[in-house]
A.B. asks: 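Submitted below is the structure of interest, expressed as structure tokens.
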Amino acid sequence: MTTSEQPTLMLIDGHSLAFRAFYALPLDSFKTRDGQHTNAIHGFISMLLNLLAKEKPTHLGVAFDISRYSFRTREYAEYKGTRGETPPEFIGQVPLLQDALHAMGITTITKEDFEADDILATLSHQGSAAGYKVLVVSGDRDTIQLIDHNVTLLYPSKQGVAELTRYDAEKVFERYGVQPHQYPEVAALVGETSDNLPGIPKVGEKTAVKWLNEYGSLDEILRRADEIGGKVGESLREHSENAVRNRRLNHLVTDVELPVLPDDLERNAFDLDAVREVFGRLEFRSLLERVIKLGGGAPSADSFPASGAAVSAAKTSDGSSTSASAYSAPTMPEELNPVRVAPRTQNLLDEELRGWLERATDAAPLGVAVVVESYASGIAGFGLATEMETAFVPFSPGHADMAPLVHWLAGPSPKLMHGAKQQIKTLAAAGIPVAGMAFDTEIADWIIRPDSSKRELSELVGLYLGETLSTPDPNQLVPEEDELGAAGHAWLVERLSKAIRLQLDAGSLALLLEIEIPTLVALAAMELRGVTVSHEKLSALSTELGDRAAAAATSAYAEIGKEVNLASPKQLQEVLFDQLNMPKTRATKTGYTTDAAALVDLQEKSPHPFLGYLLEHRDVTKLRQIVESLDTAIGSDHRIHTTYVQTGTSTGRLSSINPNLQNIPVRAADGRRIREAFEVGVGFQTLLTADYSQIEMRIMAHFSKDAGLIEAFKSGEDLHRFVGSQIYGVAPEDVTGDMRSHVKAMSYGLAYGLSAFGLAKQLKIDNGAAKKLMSDYFERFGGVRDYLRSVVEDARIKGYTETLFGRRRPFPDLASPNRVLRDNAERAALNAPMQGTAADIMKIAMFGIEQDIANLDLKSRLLLQVHDELVLEVFEGEWDVVEKLVVDRMENAAKLSVPLDVQVGKGQNWNEAAH
DNA sequence: GAGCCTACGTA
DNA sequence: CGTACGTAGGCTCT
């Protein structure tokens with residue numbers, strides 16, 4: 001959409017980018033014969049050349065700081081005071097960089113008493129007013145405030161300067177949740193450690209953004225500070241002057257008097273001789289060629305072809321399922337090489353679209369790939385692909401043109417996606433339902449490689465197709481740009497689906513299609529629903545916990561006669577071991593542990609009131625931190641919407657993030673008060689919780705076929721009491737509390753690969769007693785021992801473990817000569833089939849419940865899953881039928897040789913509903 | 001600013 | 001010398 005007539009003004013913060021380049025490139029690899037370091041110069045120029053080729057600015061200026069002193073340091077002497085000395089290897093490169101730029105005909109700008117950012121701000125304002133499209137290139141977040149409809153920021157992303165991210169107002173909102181002009185106010189509240197500008201203590205990005213969205217501006221927040229409760233409110237009132245000062249300092253000056261105007265920055269021809277001279281001095285051969293090429297006017301012909309097929313795929317095995325290497329890196333079928341080029345994309349609307357979808361659906365029986373392209377503000381469009389064709393459909397909400405696609409999405413025609421859950425949620429937010437999910441490349445890869453943490457499209461393309469998506473030349477600093485559109489991505493998803501499907505054995509494919517895909521659909525619905533959480537209860541709790549934390553801290557300080565940071569293990573070690581001369585605790589990498597168990601232990605050996613106050617402080621601050629993070633996660637619908645990560649574990653369990661709702665406290669009384677804030681939603685009658693009791697032990701009974709353990713579960717007797725009576729040879733009613741707790745720890749520990757040593761430590765009994773307990777246990781339940789041994793042995797032979805439903809987890813380390821690695825792998829392998837089978841069973845129950853509720857047209861709904869527990873919101877009049885279907889689905893999710901036992905609870909909040 | 005470490009919440 | 005997770009703060013190095 002860029003009009004070729006509109007001139008583009010590019011403004012670069014020379015210092016900040018050169019500094020990034022300095023750290024991004026190795027110092028030693030860039031050095032002239034006489035020892036001059038050139039890595040920052042090389043990195044900067046390389047990035048600049050890429051930018052010139054890509055963005056084709058008509059006007060260009062590079063601003064530099066003159067020194068670290070400016071009007072800001074005069075105003076606030078500590079400004080940037082924490083910054084260490086700039087490395088001398090860097091400083092020496094700056095004048096040389098400026099020489100190189102001058103030779104290239106590029107204007108550099110400095111101004112006494114101002115920072116480079118102020119120069120950028122001034123020129124950006126002037127340029128924008130004069131009708132330029134402005135590109136600001138800077139690594140300083142303060143420049144975010146310059147972004148508007150004319151001004152875009154290119155900001156180096158992680159990994160140094162390898163990539164530049166394009167920030168417009170939309171992207172800023174997506175990333176930070178505020179408009180660009182509000183960003184400095186967020187920064188002012190939070191503070192900036194790197195500039196030595198403290199903000200409001202206790203206020204992080206989340207809180208700051210929340211306030212800004214609530215009150216509109218920093219001024220308004222400060223004016224109405226009295227309305228903000230809790231410790232954060234107090235902190236705000238007490239330190240408001242920090243925010244005011246920060247805001248004054250991070251405001252960029254837009255009327256600096258400069259020797260140049262935007263018009264003066266028009267790009268000049270290169271002085272080739274000068275460039276040769278300077279680059280020769282710097283010994284930049286390849287860069288010189290690139291400069292000459294660019295100066296010669298050939299427009300961006302050096303855009304890298306996507307041909308660099310990374311033929312790195314390990315052709316290891318033919319997939320024979322008994323060899324230990326069956327689960328090494330996926331193999332790459334020959335016919336998928338070499339690199340192929342995506343079919344041309346057509347934009348489709350209306351009737352054309354209807355016809356295309358019909359044809360595509362017929363041509364692709366396994367499914368049509370769909371990629372939903374979306375931004376924070378909404379959906380941009382849809383990429384669609386079959387093997388032979390790709391299409392793009394721009395999103396036009398409510399428009400008649402959308403009808404065929406919307407209809408197709410809601411229908412049963414098979415769809416292929418990468419990360420379907422997120423896309424289904426995005427579509428649901430726009431009122432577009434999706435059915436017919438047939439394959440998810442992300443989940444499919446997880447089934448093959450559950451231990452991997454990298455599953456982006458680009459990663460899978462490299463792994464399964466042997467192609468590279470973008471070309472990250474380590475030596476070049478490449479501006480980020482998505483060459484492929486949504487349609488191109490969809491085409492990759494289509495090819496990946498086929499390639500990954502070929503890698504799946506029958507059991508894994510069934511697991512994907514029959515368990516994971518239905519689970520994905522259920523999870524999307526649960527995340528969209530969220531769970532009601534009471535802000536009132538949480539903020540009251542936070543205040544109380546805050547008071548208790550303060551009191552504990554005060555008492556702790558009084559005991560040691562000084563104030564230390566109680567959250568700093570380092571400072572605590574000084575207090576405990578140097579000042580109070582307590583006996584040393586267990587060693588850690590960085591000293592001696594100060595964890596709760598060790599502190600309790602110390603309290604016995606060397607009693608001191610400080611320890612008690614410290615433990616109390618730990619407890620209470622931990623809880624308050626959980627309360628605070630939950631509170632900020634409450635949405636305008638008064639509900640918290642977690643995200644379940646379906647590919648987040650190697651065993652098959654789910655994980656939960658933003659926030660994690662699978663680790664809400666339950667053991668201690670104070671913690672349970674947090675659960676009271678999880679309430680039944682408006683319009684619903686009650687919460688229902690349902691959990692499996694001892695599901696992993698039951699699975700162990702099933703797998704081990706141990707007659708004693710099976711009998712224990714069939715008897716209906718309390719498990720630990722039953723086992724205890726067997727081991728200690730007493731009647732069940734004569735099993736003491738101690739006996740029961742020892743047996744319980746033993747039973748649970750077994751599934752984790754617990755050793756006699758560990759058991760002794762946990763039960764605080766001696767090693768001999770622990771060994772005796774273990775051998776007595778196995779005496780009676782020998783099948784369990786045999787089973788556990790066989791799990792590890794089988795895994796060693798096959799290279800992987802397997803759950804009841806065919807979920808595999810590879811264990812290459814079982815063959816490791818490294819004792820520690822091997823032992824760790826053995827314990828994990830021991831546990832994987834049990835934990836994994838339990839996860840499979842819960843998933844089957846979950847989507848069964850979802851489907852029953854839908855089929856019966858009930859209004860009650862599933863909200864949360866916590867591994868062996870489900871939480872539902874029950875609608876008026878539906879309790880009996882819902883309770884029954886939940887229990888049925890859970891009890892019958894798998895047919896084991898022992899019954900699955902389900903406990904149900906009911907209440908107005910999560911705590912009450914626990915039984 | 002990213003990444004490691006310690007600590008701690010859950011099943 | 002007990003499995004599986006996520007989050008937070010401190011601290012270090014880039």
Side-chain angles (χ1 to χ4, degrees), chain A residues 19-20 22-27 84 87 90 139 141 156-160 192-194 202 204 206 450-451 565-573 586 588-599 615 618-619 621-630 633 642-645 648-668 670-671 674-675 691-692 694-696 745-746 748-762 767 770 809 819-820 823-836 838-839 842 865-869:
Chain A
F19 203 60
R20 295 253 181 171
F22 177 73
Y23 281 120
L25 297 179
L27 198 52
F90 173 74
R141 286 167 190 274
S157 47
K158 52 209 174 273
Q159 280 115 35
E192 184 71 73
T193 28
S194 67
K202 316 276 176 216
K206 280 187 181 171
D451 286 302
N565 185 346
L566 297 176
S568 163
K570 199 179 159 199
Q571 296 179 35
L572 285 179
Q573 285 172 48
R586 171 173 58 87
T588 65
K589 285 182 185 174
T590 51
Y592 299 95
T593 184
T594 65
D595 67 19
L599 294 181
L615 281 166
R618 281 257 180 87
D619 268 359
T621 48
K622 176 75 180 179
L623 284 180
R624 196 182 52 147
Q625 160 192 314
I626 293 174
V627 169
E628 283 298 316
S629 74
L630 288 175
T642 186
T643 298
Y644 291 103
V645 184
T649 69
S650 17
T651 53
R653 276 188 176 179
L654 305 174
S655 72
S656 157
I657 57 168
N658 301 325
N660 181 356
L661 294 188
Q662 291 181 321
N663 70 343
I664 306 303
V666 68
R667 286 169 194 165
D670 275 329
I674 298 178
R675 290 199 172 210
D691 58 63
Y692 283 115
Q694 297 137 349
I695 187 168
E696 292 189 17
M746 172 82 208
Y748 278 112
L750 277 180
Y752 299 146
L754 184 67
S755 63
F757 180 91
L759 186 64
K761 206 176 73 171
Q762 194 197 317
N767 248 317
R809 178 175 173 190
R819 170 79 181 271
V820 176
D823 284 356
N824 288 341
E826 283 183 3
R827 288 191 301 273
L830 207 68
N831 174 259
M834 288 180 272
Q835 192 183 126
M842 181 54 109
Q865 189 253 43
V866 190
H867 308 307
D868 65 4
E869 174 185 13

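Every chain is numbered from 1, with letters handed out A, B, ... down the list of sequences. Predicted model only: the values in this text are computed from it and were never measured.
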A.B. asks: Applying a 4.0 Å non-hydrogen cut-off, can you work out what A:Arg819 is touching in the nucleic acid: base, sugar-phosphate, or nothing?
C.D. replies: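 Nothing, no heavy atom under 4.0 Å.
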A.B. asks: What range of DNA chain C does chain A touch, first nucleotide to last, counting atoms under 4.0 Å from its heavy atoms?
C.D. replies: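 In short, chain A contacts DNA chain C from C:dC1 to C:dT14.
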A.B. asks: Is there a side-chain contact between A:Ile674 and A:Val627 in this structure, where contact means two heavy atoms from C-beta onward sitting under 4.5 Å apart?
C.D. replies: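 Yes, their side chains come closer than 4.5 Å.
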A.B. asks: Write down the distance between CG (A:Asp670) and P (B:dC8), rounded to a whole number of angstrom.
C.D. replies: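 Distance check: A:Asp670 CG to B:dC8 P gives 16 Å.
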A.B. asks: Which whole-number value in Å describes the distance from A:Gln571 CD to B:dC5 C1'?
C.D. replies: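 Rounding to the nearest Å, CD of A:Gln571 and C1' of B:dC5 are 15 Å apart.
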A.B. asks: With a 4.5 Å heavy-atom cut-off, do A:Leu654 and A:Met842 have their side chains touching?
C.D. replies: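 Counting from C-beta outward, A:Leu654 and A:Met842 never come under 4.5 Å.
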A.B. asks: Under the 3.5 angstrom rule, does the side chain of A:Arg809 hit a backbone N or O of A:Ala832 as a donor-acceptor pair?
C.D. replies: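 Such a contact is absent between A:Arg809 side chain and A:Ala832 backbone.
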A.B. asks: Which whole-number value in Å describes the distance from A:Leu661 CG to B:dT10 P?
C.D. replies: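 Taking atom P of B:dT10 as the reference, CG of A:Leu661 is at 14 Å.
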A.B. asks: Could you state the CD-C1' distance from A:Gln662 to B:dG9, rounded to the nearest angstrom?
C.D. replies: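 Computing the A:Gln662:CD to B:dG9:C1' distance gives 12 Å.
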A.B. asks: Heavy atoms only: give me the nearest A:Ala770-A:Ala756 pair and the separation to one decimal.
C.D. replies: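 For A:Ala770 versus A:Ala756, the nearest heavy atoms are CB-O, 3.4 Å.
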A.B. asks: Rounded to whole angstroms, how far apart are NZ on A:Lys589 and P on B:dA7?
C.D. replies: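 Checked: the NZ to P distance equals 13 Å.
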A.B. asks: Give the residues of residues 748-762 of chain A touching DNA chain B, defined as any heavy atom closer than 4.0 Å, sorted by residue number.
C.D. replies: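 Heavy-atom contacts with DNA chain B come from no residue of residues 748-762 of chain A; none.
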A.B. asks: Nearest whole angstrom, please: distance from the C1' of B:dA7 to the CZ of A:Arg618.
C.D. replies: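 One finds 6 Å between C1' of B:dA7 and CZ of A:Arg618, rounded.
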A.B. asks: Could you check whether any side-chain N or O of A:Thr642 sits under 3.5 Å from a backbone N or O of A:Pro659, counting only pairs where one atom can act as donor and the other as acceptor?
C.D. replies: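 Yes; judged by distance alone, with no hydrogens or angles, the pair exists.
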A.B. asks: If you look at every strand shown and take non-hydrogen atoms under 4.0 Å, does A:Asp691 touch a base, only sugar-phosphate, or nothing?
C.D. replies: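 No contact at all - A:Asp691 keeps every heavy atom at 4.0 Å or more from the nucleic acid.
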A.B. asks: Contact class for A:Gln625 vs. all strands (heavy atom < 4.0 Å): base, sugar-phosphate, or nothing?
C.D. replies: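 Contact class for A:Gln625: sugar-phosphate only.
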A.B. asks: Atom CG of A:Leu599 to atom P of B:dT6: distance rounded to whole Å?
C.D. replies: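 Rounding to the nearest Å, CG of A:Leu599 and P of B:dT6 are 15 Å apart.
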A.B. asks: Could you check which of B:dG9, B:dT6, B:dA7 has an atom nearest any side-chain atom of A:Asp619?
C.D. replies: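 Nearest to the side chain of A:Asp619 among the choices is B:dG9.
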A.B. asks: Any side-chain heavy-atom pair from A:Ile664 and A:Arg675 closer than 4.5 angstrom?
C.D. replies: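 In short, these two side chains touch, coming nearer than 4.5 Å.
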A.B. asks: Measuring only between side-chain heavy atoms, which start at C-beta, is A:Gln865 closer than 4.5 Å to A:His867?
C.D. replies: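 A side-chain contact under 4.5 Å exists here.
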A.B. asks: Between P on B:dA7 and CZ on A:Arg624, what's the gap in Å once rounded to a whole number?
C.D. replies: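 The distance from CZ of A:Arg624 to P of B:dA7 comes to 20 Å, rounded to the nearest Å.
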A.B. asks: Give A:Ala596 one of three labels, base, sugar-phosphate or nothing, depending on what nucleic acid heavy atoms sit under 4.0 Å from its own.
C.D. replies: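 Touches sugar-phosphate only.
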A.B. asks: Between A:Leu566 and A:Leu572, is there a side-chain heavy-atom distance shorter than 4.5 Å?
C.D. replies: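 They are in contact (side-chain heavy atoms under 4.5 Å apart), so the answer is yes.
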A.B. asks: Would you indicate what A:Val666 reaches in the nucleic acid, counting non-hydrogen atoms under 4.0 angstrom: base, sugar-phosphate, or nothing?
C.D. replies: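 A:Val666: backbone/sugar contact only, no base atoms under 4.0 Å.
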A.B. asks: Within the 4.5 Å heavy-atom criterion, are A:Asn831 and A:Glu696 side-chain neighbours or not?
C.D. replies: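 Heavy-atom side-chain distance check passes, below 4.5 Å.
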A.B. asks: Taking atom OH of A:Tyr748 as the centre, does the number of heavy atoms from other residues, nucleotides or ligands within less than 6.0 Å exceed 12?
C.D. replies: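 Counting neighbours around OH of A:Tyr748, more than 12 heavy atoms of other residues, nucleotides or ligands fall under 6.0 Å, so yes.
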A.B. asks: Applying a 3.5 angstrom cut-off to the pairing atoms, does DNA chain C sit in any stems of at least three consecutive Watson-Crick or G-U pairs? List them by first number.
C.D. replies: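 The stems are B:1-11 with C:3-13.
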A.B. asks: Just call it for A:Arg653: base, sugar-phosphate, or nothing, with non-hydrogen atoms closer than 4.0 Å on any strand.
C.D. replies: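 Base, at least one base atom sits under 4.0 Å.
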A.B. asks: Do A:Arg618 and A:Thr594 come close enough that some side-chain heavy atom pair is under 4.5 Å?
C.D. replies: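 A side-chain contact exists here, since the closest heavy-atom pair is under 4.5 Å.
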A.B. asks: Counting C-beta onward and ignoring hydrogens, is there a side-chain heavy-atom pair between A:Leu830 and A:Leu750 closer than 4.5 Å?
C.D. replies: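 No, their side chains stay 4.5 Å or more apart.
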A.B. asks: Could you tell me how far B:dC5 sits from C:dC1 if I compare only their P atoms? Round to whole Å.
C.D. replies: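 After rounding to an integer number of Å, I get 16 Å for this pair.
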A.B. asks: Contact class for A:Asn565 (heavy atom, under 4.0 Å): base, sugar-phosphate, or nothing?
C.D. replies: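 Sugar-phosphate, no base atom in range.
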